[in-house]
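We name chains A, B, ... by the order of the sequence lines, and we start the count at 1 in each one. On a predicted model such as this, the values are computed, not experimentally measured, just so you know.
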Protein chains: 2
Amino acid sequence: MEMETFDNLSGVSFRPQESLSIGAQLHRILRAAIIRGDLVPGQAISEIEISKKFSVSRQPVREAFIKLGEERLIEVLPQRGTYVRKISVKEVLDARHLREIIEVSIVREVAEKHDAELIRTLRELVAAQKQVPQGDNQSFLLLDEEFHRTLALSAGREYAWRVTEGIKAQMNRVRFLTFGSATPMQQLADEHAGVIDAIEAGDADLAGKRMEQHMRTLITTLPLMAERYPEHFVAE
Amino acid sequence: MEMETFDNLSGVSFRPQESLSIGAQLHRILRAAIIRGDLVPGQAISEIEISKKFSVSRQPVREAFIKLGEERLIEVLPQRGTYVRKISVKEVLDARHLREIIEVSIVREVAEKHDAELIRTLRELVAAQKQVPQGDNQSFLLLDEEFHRTLALSAGREYAWRVTEGIKAQMNRVRFLTFGSATPMQQLADEHAGVIDAIEAGDADLAGKRMEQHMRTLITTLPLMAERYPEHFVAE
DNA sequence: CTATGTATACTTGTATACTAGCATTCAAAT
DNA sequence: ATTTGAATGCTAGTATACAAGTATACATAG
């Protein structure tokens with residue numbers, strides 16, 4: 001039988017590694033749990049405990065712990081124990097600061113490109129954000145993430161986006177604390193829209209200013225949260 | 001016997017964890033080996049191979065591999081093998097770009113503080129840099145790292161510095177390729193001095209400009225290296 | 001009552017054995 | 001000659017067992 005050759009496989013996207021390893025899955029699950037606050041700051045989590053809870057061995061748990069440690073979401077103390085890191089106000093502010101200069105730099109870059117297709121994509125995202133029902137913070141967070149990711153990648157700044165993902169993790173821990181109160185989704189979506197307007201107008205300065213303001217909005221509740229939930233934060 | 005109490009232990013700095021775990025040591029060793037180019041890009045390195053070479057089990061090697069994978073220095077392909085990542089010109093440029101905005105932001109911040117003590121420390125570092133004998137790239141690299149670290153930490157930007165460490169790893173891979181040729185230590189040290197001058201003068205704009213230029217100097221050899229050692233770089 | 005030693009039950013670190021997926025070789029079938 | 005498929009030897013992923021450091025409780029000596 002002859003080998004049939006296909007030249008037209010353009011539409012087919014083959015995704016290897018679709019089923020992640022147990023360790024990788026655990027990492028994803030625990031990461032989300034910490035950010036959401038299901039695992040509370042300061043809480044002890046041993047490898048054995050987690051391995052029993054998920055009916056796996058300690059090794060994949062160790063793998064997840066190593067990664068979480070690198071992301072500074074947990075702290076592994078050899079022969080002592082592993083703890084969910086408490087939130088550090090100083091570290092969050094430091095991380096936010098870095099994110100600000102990254103995102104401002106990106107948006108300024110994008111503002112000078114005049115990419116109509118991109119503008120359309122961004123506007124769709126903001127429209128979707130405005131339709132998220134009050135209280136569905138999870139959905140809004142995903143759309144928010146998509147917005148900033150689209151901006152970063154359209155500027156070809158993949159490295160910057162990877163860094164931003166880590167920063168967002170720290171910032172979102174605070175945001176989830178705030179979710180008891182109402183999230184100002186409308187305000188955030190409006191700020192997004194304002195940034196898009198400035199980009200479309202090709203006004204890099206304005207776009208930068210608005211992104212700067214947006215980055216500040218994201219942690220307005222930080223001091224309040226630190227005061228309301230002191231046990232979630234490191235004493236400093 | 002009575003318990004004697006000490007109130008004056010200020011000078012004593014007790015360092016727990018002075019002896020790192022095998023996994024942590026392997027991570028450090030392999031990281032340096034990859035950056036120096038002792039492990040060449042594209043080379044296959046299996047867990048067993050490394051574990052035998054260092055007479056340890058696979059587990060600590062796995063721990064090191066996980067961390068190296070996170071740093072994008074190796075690529076782990078499940079059930080296939082682990083390879084030293086080839087250098088990506090695009091990624092290095094992207095990383096450098098991020099480093100530029102970080103370091104410029106830091107130096108601008110520092111320029112407005114007028115910290116005489118800091119200025120003195122920085123000048124000492126540059127003086128030491130100028131005394132490094134031609135060819136001793138390792139020593140110069142350490143002093144260079146110290147210079148930028150001092151700047152970042154004096155601005156209280158620890159998060160930014162952690163990110164910069166990762167970026168430097170990528171950039172230094174190129175720099176070590178260049179070490180066959182001569183490293184322009186004098187030029188780099190002079191640029192450092194120029195930055196300090198601007199900081200001392202409190203001229204944030206100038207300090208930023210000079211740091212920007214410095215960041216560009218650091219990768220001038222990139223296109224040449226990519227052409228001379230194509231097998232070390234990913235095709236793109 | 002206080003200080004100290006000790007047993008014990010934790011913790012993470014490391015070693016070893018086993019599982020399962022992938023690539024290559026090579027023989028067999030067409 | 002070409003294709004297929006099984007065998008083999010590699011790889012990383014996972015499970016289990018053991019080693020070693022730490023914290024706690026508690027008995028014991030002073």
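- Looking at residues 45-55 of chain B, you'll see B:Ile45, B:Ser46, B:Glu47 sit with a heavy atom under 4.0 Å from some atom of DNA chain D.
- Of the residues in residues 23-31 of chain B, not one places a heavy atom less than 4.0 Å from an atom of DNA chain D.
- Residues forming a side chain to side chain contact (heavy atoms under 4.5 Å, CB included) with B:Glu47 (at least two apart in sequence, or on another chain): B:Arg58, B:Val61, B:Arg62, B:Phe65.
- With sequence neighbours excluded, the residues that form a side chain to side chain contact (heavy atoms under 4.5 Å, CB included) with A:Ser105 are A:Glu109, A:Arg157, B:His97, B:Ile101.
- In this structure B:Arg96 satisfies the side chain to side chain donor-acceptor pair (under 3.5 Å) test together with B:Glu100, sequence neighbours excluded.
- In this entry the distance linking CG of B:Leu77 with P of D:dA12 reads 9 Å, nearest Å.
- Per the geometry, CG belonging to B:Leu20 stands 10 Å off P belonging to C:dT14, to the nearest Å.
- Applying the salt bridge (Lys or Arg N to Asp or Glu O under 4.0 Å) criterion to B:Glu158, with sequence neighbours excluded, gives A:Lys90.
- Rounded to an integer number of Å, the gap from CZ of B:Arg80 to C1' of C:dC22 is 7 Å.
- Between the side chain of B:Gln129 and the backbone N or O of B:Leu143, at least one donor-acceptor pair lies under 3.5 Å.
- In terms of modelled atom types and a separation under 3.5 Å, the side chain of B:Thr220 and the main chain of B:Arg216 share no donor-acceptor contact.
- With distances taken from any side-chain atom of B:Gln79 to the nucleotides C:dT12, D:dA12, C:dA15, the minimum falls on D:dA12.
- Of the residues in residues 57-70 of chain A, those with a non-hydrogen atom less than 4.0 angstrom from any atom of DNA chain C are A:Arg58, A:Gln59, A:Arg62.
- The side chain to side chain contact (heavy atoms under 4.5 Å, CB included) check on B:Ile29 picks up B:Phe54, with sequence neighbours excluded.
- In this structure, B:Glu231 has no salt bridge (Lys or Arg N to Asp or Glu O under 4.0 Å) partners at least two apart in sequence or on a different chain.
- The side chain of B:Thr82 places no N or O atom within less than 4.0 Å of a non-bridging phosphate oxygen (OP1 or OP2) of D:dT11.
- Summarising the geometry, the separation between CD1 on A:Ile22 and C1' on C:dG21 is reported as 14 Å, rounded to the nearest angstrom.
- Every residue two or more places apart in sequence or in another chain that forms a side chain to side chain contact (heavy atoms under 4.5 Å, CB included) with A:Ile66 is listed here: B:Glu63, B:Ile66, B:Lys67.
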Please tabulate, for the side chains in residues 31-42 of chain A, all donor-acceptor contacts under 3.5 angstrom to protein atoms that are two or more places apart in sequence or on a different chain.
| from | atom 1 | to | atom 2 | distance (Å) |
| --- | --- | --- | --- | --- |
| A:Arg31 | NE | A:Glu71 | OE2 | 2.7 |

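- Note on residues 135-173 of chain A: pairs passing ring pair (Phe, Tyr, Trp, His ring centres under 6.0 Å), not counting sequence neighbours, are A:Phe147-A:His192, A:His148-A:His192, A:His148-A:His214.
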